[in-house]
Each structure stands twice: as C-alpha cells, then as structure tokens.
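Step one of this worksheet: look at the structure below.
By convention in this document, chain letters (A, B, ...) are assigned in the order of the sequence lines, proteins followed by strands, and residues within each chain are numbered from 1. Treat the numbers as computed from the prediction; the structure is a model and nothing was measured.
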Amino acid sequence: MMATMTHEKGLTLVRTFYQQEDVLLIARSLLGKVIVTEIDGELTSGYILETEAYAGIKDRASHAFGGRRTARTETMYGRGGTSYVYLCYGIHCLFNVVTNVEGTPHAVLVRALRPLHGIEVMRKRRAPNRFTTHGPGTLSQALGIRMEHNATDLVNGNIRIEDHGVVVPSKAVIISPRIGVDYAGADSLLPYRFRIASSHASLLPLTGKSVE
DNA sequence: ATACCGATTAACT
DNA sequence: GTTAATCGGTATA
C-alpha cells in the first residue's frame, strides 16, 4: 500500500492478472502497460513496447525447461507477480515477470520500453549519448534494475506495472519468433514475441499528470 | 575443479 | 553481415 501511494494515475496490476494461465495472453496484455520503478530514490517509468513469453517446463527456450529447478531458476517457480532477474552474457540483467501460480514457472521477458517519467534519470544511468531503452539489457539499466531486484514482489514492491488505460489494437501488434533462442530447436520458431509497431508506439500518450 | 555456454550489446566491415 | 566483451549458471567428474 505504502509503495503505491505516490502513483496518482493508473492502476497497479493485481495478483490475479499475473496468475492467469495463458502466458501468451499475459505477454500480449502487457503491451502498452507502464513499468514503474522506485530505485535509488528515483522514479522512472515507461510503456512496454515488446515482450516475449516463456512457457515453462515444456518450452525448450525456457530456463525451466524439463522442470529444471536450480538456485537461479527458483524464482520462476514462485507465484505470479514476482520479478525474475538474471544475468545474461555476464553483463546484462534481464527483467522478467513471473506468471501463473506457484510451482508453474512461466515468465514474460520485457524487451523494450518507451520512457514516460524520469527520462533524465534513465539517461544518466546509461553512458552519455548512448541512451536507449530498446533491448532487454539497456531497459533494465535505464530503470535501475539490477540482480538484487530478483524476486521482487510486483504487487507491493518498488517495481510495479500499471494500466494507464492505453488500448493497443491488434493491428498494431507484430507477433514473431523470439530472439536469441536458436538453441531451442523447433521451439525457437514459436510465435511468442509481441511488439508494438513503431508507427503505433509513437502514439502512446506522453502527457498527463505527473506521478512525482 | 574444470569446461562450456548464454532470453545481449556495441562496434565494427 | 561479423565479433569481442564478460562472468555466473550448469553439467560433468
């Protein structure tokens, strides 16, 4: 409750949203929603432009394929509405949303963002003149998300996702295979990647009441 | 203990 | 189109 007192507009997504069974539906639904972080005393937020679904134990591209359960993947087995942050290529902290109920390790990788609040903070977190929030690594960097933010509660924690009432029409959504999962064989071709076409992304409202 | 690999990025040609 | 950077995760022994 306390953590959400500063937000004046937009509804923080509730537990039941994250606990829906269909991870593809959740990945699609997250397009146009707003990620908000309150990290290091800075508030930053942005519209979700791109996601990928990872469908648990039967998905060869998922860390949890085959029911693999290790210190790293343990977070994925938690309840929906928890963050799963892991280190990729030794450099990048990738932010995922755990979905489904406890024991079912589904997740959605958030891959691109359109900045809304705290743009100067995001710019500062990145190298000068290299500001971008397209790509899962740069997105986390801009939002201040680090490994210590793994297993954060997205319903009551310092990372949350809000619905600002933006409607993303089907014709604005491009569905394609996921990136960087060639090792997954046939599953690498599954249409689990969702993104808002750039022509529509520019229509997302940047005006409105400040959440500062 | 050792070896291989990766849900990426940036800087190249 | 190519490739180096970089280090924890994971499997193997």
Side-chain angles (χ1 to χ4, degrees), chain A residues 18 22-31 33 35 37 44 46-78 80-100 104-115 122-152 154 159 161 173-196 198:
Chain A
Y18 297 110
D22 187 349
V23 68
L24 296 175
L25 178 71
I26 296 175
R28 165 65 177 85
S29 300
L30 284 173
L31 296 178
K33 299 295 191 292
I35 305 185
T37 64
T44 52
Y47 291 102
I48 295 173
L49 298 182
E50 180 180 344
T51 60
E52 283 178 359
Y54 286 83
I57 66 174
K58 66 184 190 313
D59 179 358
R60 300 192 94 89
S62 171
H63 293 162
F65 173 69
R68 183 167 43 193
R69 193 161 185 158
T70 65
R72 178 176 67 156
T73 65
E74 187 60 30
T75 308
M76 296 181 79
Y77 290 83
T82 304
S83 72
Y84 170 49
V85 182
Y86 73 93
L87 186 66
C88 187
Y89 293 101
I91 308 170
H92 308 289
C93 299
L94 304 203
F95 172 76
N96 297 251
V97 176
V98 174
T99 74
N100 216 300
T104 303
H106 290 185
V108 175
L109 172 66
V110 181
R111 296 183 53 88
L113 205 69
R114 179 173 168 86
M122 296 190 210
R123 195 182 299 278
K124 194 174 179 180
R125 284 169 174 158
R126 298 264 316 150
N129 303 321
R130 288 183 189 172
F131 179 56
T132 174
T133 53
H134 288 60
T138 62
L139 175 155
S140 291
Q141 201 176 354
L143 289 174
I145 295 172
R146 302 177 295 267
M147 285 307 300
E148 65 198 79
H149 301 106
N150 180 43
T152 296
L154 300 178
I159 304 173
I161 303 179
V173 179
I174 299 168
I175 303 176
S176 62
R178 293 170 290 188
I179 299 297
V181 294
D182 293 347
Y183 58 84
D187 287 353
S188 70
L189 301 176
L190 293 171
Y192 284 6
R193 182 189 184 200
F194 302 84
R195 57 196 154 124
I196 300 179
S198 57

Please state how far atom [atom1] in [X] lies from atom [atom2] in [N], giving the value in whole angstrom units.
X        : N      : atom1 : atom2 : answer
A:Leu190 : B:dA7  : CG    : P     : 15 Å
A:Ile179 : B:dG6  : CD1   : P     : 16 Å
A:Glu50  : B:dT8  : CD    : P     : 10 Å
A:Glu52  : B:dT8  : CD    : C1'   : 12 Å
A:Tyr86  : B:dT8  : OH    : C1'   : 9 Å
A:Met76  : C:dT10 : CE    : P     : 11 Å

Worked check of side chain to side chain donor-acceptor pair (under 3.5 Å) between A:Gln141 and A:Arg126: CA-CA 7 Å; A:Gln141 201 176 354; A:Arg126 298 264 316 150; 2.7 Å; yes

Sugar-phosphate, base or nothing in reach of A:Ile91, heavy atoms under 4.0 Å: base

Touch class at under 4.0 angstrom, heavy-atom based, for A:Leu87 against every strand present: sugar-phosphate

A:Ser140 (side chain) donor-acceptor with A:Gly137 (main chain) under 3.5 angstrom: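 Flag not set: sc A:Ser140 to bb A:Gly137 has no pair under 3.5 Å.
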
Polar side-chain atom of A:Tyr77 near backbone of A:Gly67 as donor-acceptor pair, under 3.5 Å: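 Checked: pair present.
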
Nucleotide of [options] approaching [X] most closely (side-chain heavy atoms):
X        : options              : answer
A:Tyr89  : B:dA10, B:dA7, B:dT8 : B:dT8
A:Thr132 : B:dT8, B:dA7, B:dA10 : B:dA10
A:Arg72  : C:dT10, B:dA7, B:dT8 : C:dT10

Toward the 5' end of DNA chain C, by each residue's nearest nucleotide, A:His92 or A:Met147: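 Its nearest nucleotide being more 5', the pick is A:His92.
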
Nearest-nucleotide 5' precedence on DNA chain C, A:Arg68 against A:Gly90: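 Going by which nucleotide is closer to the 5' end, it is A:Gly90.
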
Test log, rule side chain to side chain contact (heavy atoms under 4.5 Å, CB included), inputs A:Phe95 and A:Ile35: CA-CA 11 Å; A:Phe95 172 76; A:Ile35 305 185; 4.1 Å; yes

Pair partner, C:dT6 [Watson-Crick or wobble, under 3.5 Å]: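 Base partner found: none.
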
Any-strand Watson-Crick or G-U partner of B:dA7, both distances under 3.5 Å: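 None - no nucleotide pairs with B:dA7, as no candidate has both distances under 3.5 Å.
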
Side chain A:His63 and base B:dA7 donor-acceptor under 3.5 Å: yes

Whether A:Tyr54 stacks on the six-membered ring of B:dA7 base, 5.5 Å and 30° limits: yes

Along DNA chain B (nearest heavy atom to each residue), the more 5'-positioned of A:Arg130 and A:Tyr84: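 With A:Arg130 and A:Tyr84 compared, the 5'-side residue is A:Tyr84.
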
Residue-phosphate contact under 4.0 Å: [X] side-chain N/O, [N] OP1/OP2:
X        : N      : result
A:Thr70  : C:dT10 : yes
A:Tyr192 : B:dA7  : no
A:Arg126 : B:dA10 : yes
A:Arg111 : B:dA7  : no

Residue pairs passing the salt bridge (Lys or Arg N to Asp or Glu O under 4.0 Å) test where at least one lies in residues 173-195 of chain A, sequence neighbours excluded: A:Glu50-A:Arg193, A:Asp59-A:Arg178

Distance in Å, A:Arg60 CZ paired with A:Ile57 CD1, rounded so as to fall on 0.5 Å steps: 12.5 Å

